[in-house]
Structure formats: C-alpha cells, structure tokens
Trainee: 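So that we are looking at the same thing, I have put the structure below in structure tokens.
Below, read A as the first sequence line, B as the second, and so on, with proteins coming before strands; counting in each chain starts at 1.
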2 protein chains.
Amino acid sequence: MAKQKRVTSYDVAREAGVSQSAVSRVFRPGFSVSEKTRTKVLDTAKKMGYKPNAIARMLITQQSGMIAVIVSSRANVNYPEVLSQLNKYIAQQNKRVLLFTLDSADDLAGLLENIWTYQVDGVIALAAHFEQSSLEQLEQHQIPVVLYNRNVPDANVNSVCCSHERGIKQLINILHEGNHKSYLVIAGPTDSDVANERRDIACQYLKQLGHDNVPVVYGDYSYESGRKAFAKWTGANGVPDAVICSNDIMAIGVIDEAKEHMSISVPDDLSVVGFDGVSPAAWFSYQVTTIRQPLDQLTKAAVDILMERINNPDSPPETRVLTGALIEGNSTKPRQ
Amino acid sequence: MAKQKRVTSYDVAREAGVSQSAVSRVFRPGFSVSEKTRTKVLDTAKKMGYKPNAIARMLITQQSGMIAVIVSSRANVNYPEVLSQLNKYIAQQNKRVLLFTLDSADDLAGLLENIWTYQVDGVIALAAHFEQSSLEQLEQHQIPVVLYNRNVPDANVNSVCCSHERGIKQLINILHEGNHKSYLVIAGPTDSDVANERRDIACQYLKQLGHDNVPVVYGDYSYESGRKAFAKWTGANGVPDAVICSNDIMAIGVIDEAKEHMSISVPDDLSVVGFDGVSPAAWFSYQVTTIRQPLDQLTKAAVDILMERINNPDSPPETRVLTGALIEGNSTKPRQ
DNA sequence: ATAAATAATGACTTCGAATGCAATAATCAA
DNA sequence: TTGATTATTGCATTCGAAGTCATTATTTAT
C-alpha cells in the first residue's frame, strides 16, 4: 500500500537496457524502431506498468489533445445534450473535452486567457456572445474556434448552426396558409443571441406577410415562463389564433396552460408552434408542430470543422448551416 | 498577423530585469516577494501578455487541477444535467472537468490507465460499473474517486447516492395503502446497476407487503420503451391497478399510452409512479407521483467529498446517502 | 567483398514553470 | 556601528517525454 512511484520512460529504458529515446519512439506512431527493441520495450513497459505521461507530452509537443468547450453557467435547456454529443465525437477523434463555464459575458476575455494557458488544440463555444475582438484574441494564439449555433455577422469565424430563418418561415407559412389572423410571439431571454434572432425572424416574416405589429412577450425558455407569459397576455388581451414560441418547452407550457386554465382547445381554438424538436415535443400529450434541430449533424459538423482547422490551420473560415426538419404535429390546424 | 510566439517566464524576467524564479513566485500565492518586484513583474507581464503555462505547471507540481468525469457513452437520460451541475461546482473549486467517455464496460481498465496519464486530481464516475479491482487500480495511483449514484457493496469507496430504497418504499406505500392489488414493474436496462437496484427493491418490498410474483417487464428508460412495454404487457395480461416505473420518462410513456390507445384513465383506473423527479414529470399533462432526486445536493456532495480527499488523502472513505423528496402528483389515487 | 544507402540507436537538449538551497539585501536590537 | 535575524533574490535542478543530430548497425547494390 506504499505510495506507488510514477514509472518514467527512463525507468523502462534502464530496465530494458535501451535509451530513453528508444522508449519514447516505441510509444510514438510512425517512428523507426527495430522489432526487437519494440517488443523488449513494450514487454518491460507492461511489466512495470508504464504509460507515457500525457502532461509531459503536451508540454514538449505543444499539443494538449484537449478541446475546450465553453458552456454558459445558466445552461440553456438543451445544451447538456449538445455537450454529450460533442464529447462523443471529440472522443472519436481521440481528443478530450476540457469544460469551461462562462458565468457572465464580461468574463469572456479572462476566460479565453485561461483557456489559452491550457494549450488546447481548439475551442468550441456553445454559449458565449462572441465579439470580434474575442475572436481575434484566439486567432493571435493560433487556436481555432468553432461557434455552435451562434452567428457573428460578417466575421471570419467557423460556425455551425441550424437555419433559424428557414425553419421559422416554414412554421409561419403553415400558420399563415392555415388562415390564422392574430399572432403572439413568445420569445426567449433577450441576452441570448439565438433567442433574439428567432424573435426577429418571426416578426419580420410575419410583417412581410401582412401581419403588422405582432405582439411579443418574453420568457426564459422554461415551461413555467411559457405558461405565465401566455396566461398573462391572454388575460389582458384575449386569445390569439396562433402562438409562436421560440422553443418547444415554452410551447408545451402554453399548451398546458390552455388546457388547464382555459377552455381553449389546441389545435381547434389555438395553434402553437415551437422550435428545437426536443423529445417531449413529440410526446402524445403535446405533439408540437416544430422544427427539429439536427443535433447529431450539428455537433458532428462542429467537430469536423474544428479538426480540419487543427490539422490545417490555413483553411479559410467556414460556416455550415444545416436545415432542421419540419415536424407537423397536432398543435396546429388550419382555420375554417 | 505573424504567428505570435509564446511569452515565457524567462521573457518576462529578462524584460523586468529579474530572475525567472522571481516571476514564478509572483504568480504563486503565498510566496515571499518584495512589493517592488511584484509590481514590476506584474506590469511587464501584463504588458507582454504573459500568463503562466498551465501545462508546465502541472508537470512540475504534479497537480493538474483537472477532475476526470467518466460518463457512459450511451448516456443515461439525466446524466447531461448531472454533468452540468458537477461542472458548476468543480469550476467553483477552481478546477476543470476533463471528460471521459466509457463505451463498453470492459474498456474500464484501459480508460483508467488513460485517465491516470493526465495526472488528474480526482475522478467522479457517473456511469461505470466499478469492480473492486478497478478501484484498487486508482487507489494505487493515489487518485481519489467518488462514485455517483452507484453503490459498490462492502467496498471502501467514496460515493454519493440518492436512497432508492427509501424512495421506492414511499411510493409503494402510497399504492399499497391506496388499496392497489395488482402491480406491474417496468424496470430499466439490466446492464445498469441502478436500474437493477430499483427493480429489486420494488419487487422485494412488494413481496414483503404480500404481493407475490409481481410481473416485471423491461424498458430502456425511454418514453417509447415505457409505452411499448406497457402496451405489450396489458395487451396480453390486462390492465393492472398500478405500474411502478423505474424512471419518470417511462412513467410518462405509460400515461400517454393509456391515454391514447386505451380508454384507461390515469389515475382513476390506473396508478403510475416514476422516479427521478425530472421536470416533465411535473408538467400539467402528467403530474407524475415520483421521488425527486436532489440533484443539486448530490452533485455538490460529490464534489465536496472529492475535494476533501484531494486535500486530505488519508480521510477514510465516505458514503453520503441523500433522500429524495416525495412528490405526490396526480398519477396515483386510492382505490375505493 | 566492398562501397553506398538505409535503418536503428543513444547522447543531449528542449518544452516552461516551480522550488531547494545558498547568497545577498534589508531590518532590527543593542 | 556591529552582529544577529529575517526577508528577498538568483542559480541550478527538476518534472517526463520528444525530437535533433551524429553515430553505429544493418541491408542493398555492384
């Protein structure tokens, strides 16, 4: 039970009667070692329980094999899943995820400095509101970055995102063609870029279709906030024909609120659409009409793009926009 | 735009006219440095954009400041949230989460070797089925481990878990006292320790209360699996008085299946209980009677215990069992 | 068999910060 | 002012593996 001392490449070298360099080469792929020494080293290494120290390797190779993933501390509803997926693909590339939490937006500069000290091979940002200057900070350090579901207009950034524009227009088309007249938009938190984007797209497109001055109320993406926002607005203004929610969970809240407290039938008296395509949206009690974000492809694309920049730092920035799939549920229905 | 060279402590030392040691000491808390050199160093460091390299520091101090978190690749439903929480508390301790994925149980030994090479300060395991031997492997390397929601009987391990026993008994008491006669247990995947534990506790306690040979069918914790398991069993055997599901999501599946395909009313004709207390369980359309796992306390406890072992390696192993809160929803009702 | 080409090896340096130790400077007491 | 204490400093070494370069062993060609 004595405190095990760490076995180093020198220990193995001595024991196997070779040089430390030889041991090192055996553990690096594609280096020239004779079969004899290779087996000798591998045998003694196994016998002594030697594994190359990742930290020392990082220091000398200047490559940590780690990818920094930045998530917001007040986690957006489906980010945990995104994180899981990312981790899966990153692990497939034989790299590791090093997690960083961003508490408030103004910590970003400090956080990036911090990330940099870890010599990470790349960064994937889920939550941060990136300014151009932050990106430059990382560029200076030659660290490739991919933004997930975050568009920085006219910046040279790698990013993947689901086309909110296309998706939201599809949803609104259904409502518009279904002859809905009065609308309500329930948007997400205003400090979220994505939430603002979804809101703006909806409002603009509605206007374009002739629905001026559509009211907008705000939630925080949660079930409760959806319920309350809907209850409060309808209490004062009556029931609209259709509610456009910035995510599925709030849409579910709206549906439940209608069901519980009002004698409003969804979809007969009220149509509701969401966004994201999370699993509860498909549950029988809700069947929300929504756009499913291609989570799997999005995360895979993010990792692909990042790997490409890591292996080939001069590749130009790339934005990959994937389109979500329209899911026509049972929460919308044309008016007579 | 030229490739920025890394600023080292030597560079700062030269520029500030002091030794490298001085620079190092300025950046370590609690070391003796005169006020004059401290400011001088800090100024030039800031001017040159110097930050101590975390990797080099890890190598020399033998402390990485990283906590390995092991998650299963086929993620258990609510692990993403657990991960987020853990990350939050670990970040509070000024440490980082390094994620590791376990694909199949037999990779564990290799994975642990791998983890060890990163010199992590500690390990939190969410998913792994740990054998005593694996634990010894880490113990040899002096790396403290905390198991999350995983009991290794008569092993000296640090662990936190929610008392399944107490919770499930509470749920069953409600059903039993509510005069339910026929039961069905829908268990989780058999390769999950937690799932098996929940199943066994339910069956044993039911037996103890005089309900022999309660049938058990299996799902995989998913909504669909809950629906199908319930549909299949009732199709062949009729509707029981009560269904005990190993998690909330399957319970929700059961409720929806009853609602959709059968003219079974929950809770009038059928009582359903779940486990976990995930948010959808509280939604108006379901209101599942369940036990809420104290996620926040569990994760906090895990991190606390780990930090204690890191700072004081000789602390004896500790198991902290937290009790979940019973939530009486609207999915259960006493029989006449 | 011998020159030429190739493969394998080891000595030594490197990555960047931390720290033991000895030397020096600053402070204090008398 | 001098010696004793204490606070700062710098030198040199360390952590553990990787890679450069020159050297030696091996293979191939002639």
Trainee: Who pairs with A:T8 by side-chain contact (heavy atoms from CB on, under 4.5 Å), at least two apart in sequence or on another chain?
Mentor: A:Y10, A:D11
Trainee: Show the numbers, then the answer: is there a side chain to side chain donor-acceptor pair (under 3.5 Å) between B:S34 and B:T37?
Mentor: CA-CA 6 Å; B:S34 72; B:T37 42; 2.8 Å; yes
Trainee: Let me know the distance between CD of B:E35 and P of D:dA7, rounded to the nearest Å.
Mentor: 15 Å
Trainee: Bend angle of the helix from C:dA1-D:dT30 to C:dA30-D:dT1 from five-pair axes at both ends, rounded to 10°?
Mentor: 20°
Trainee: Go through the structure and list residues passing side chain to side chain donor-acceptor pair (under 3.5 Å) with B:R320, not counting sequence neighbours.
Mentor: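 Counting only residues at least two positions away or on another chain, B:R320 forms a side chain to side chain donor-acceptor pair (under 3.5 Å) with B:E318.
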Trainee: Under the rule for ring pair (Phe, Tyr, Trp, His ring centres under 6.0 Å), what residues qualify as partners of A:Y89, not counting sequence neighbours?
Mentor: none
Trainee: May I have the list of side-chain donor-acceptor pairs in residues 48-58 of chain A shorter than 3.5 Å, sequence neighbours left out?
Mentor:
{"from": "A:N53", "atom 1": "OD1", "to": "A:I55", "atom 2": "N", "distance (Å)": "2.7"}
{"from": "A:N53", "atom 1": "OD1", "to": "A:A56", "atom 2": "N", "distance (Å)": "3.0"}
{"from": "A:N53", "atom 1": "ND2", "to": "B:Q119", "atom 2": "OE1", "distance (Å)": "2.6"}

Trainee: Rounded to whole Å, please give me the gap between NZ in B:K40 and P in D:dG10.
Mentor: 8 Å
Trainee: In whole Å, I'd like the distance from the CD1 atom of A:I55 to the C1' atom of D:dC15.
Mentor: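 Whole-Å distance recorded here is 11 Å.
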Trainee: To the nearest angstrom, how far is B:R14 atom CZ from D:dC11 atom C1'?
Mentor: 16 Å
Trainee: Rounded to the nearest Å, what distance is computed from the CE atom of residue A:M48 to the C1' atom of nucleotide D:dG16?
Mentor: 14 Å
Trainee: Would you list the pairs meeting salt bridge (charged side-chain N to carboxylate O under 4.0 Å, His left out) in which at least one residue belongs to residues 15-37 of chain A, sequence neighbours left out?
Mentor: A:E15-A:K47
Trainee: Using whole Å, report how far CG of A:L59 lies from P of D:dC15.
Mentor: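 Between P of D:dC15 and CG of A:L59: 14 Å.
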Trainee: Within the 4.0 Å limit for protein heavy atoms, which parts of nucleotides 17-24 of chain D are touched? Write it as a string from 5' to 3', B for base, S for sugar-phosphate only, - for none.
Mentor: BBBB----
Trainee: Tell me every residue that passes side-chain contact (heavy atoms from CB on, under 4.5 Å) with A:A22, counting only those two or more places apart in sequence or in another chain.
Mentor: A:V18, A:S19
Trainee: Closer to the 5' end of DNA chain D via nearest nucleotide, is it B:Q62 or B:S19?
Mentor: B:S19
Trainee: Under 4.0 Å from any atom of DNA chain C, heavy atoms only: list the residues of residues 114-121 of chain A that qualify, in numerical order.
Mentor: none
Trainee: For B:S315, give me all partners under side-chain contact (heavy atoms from CB on, under 4.5 Å), at least two apart in sequence or on another chain.
Mentor: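 For B:S315, the residues satisfying side-chain contact (heavy atoms from CB on, under 4.5 Å) (neighbours in sequence not counted) are B:E308, B:R309, B:N312.
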Trainee: B:S9: what forms a side chain to side chain donor-acceptor pair (under 3.5 Å) with it, not counting sequence neighbours?
Mentor: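 So B:S9 forms a side chain to side chain donor-acceptor pair (under 3.5 Å) with B:Q20.
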Trainee: Would you check if there is a donor-acceptor pair between the side chains of A:T319 and A:N158 at a distance under 3.5 Å?
Mentor: no
Trainee: Taking side-chain contact (heavy atoms from CB on, under 4.5 Å) as the test, write out the residues that go with B:I60, two or more places apart.
Mentor: none
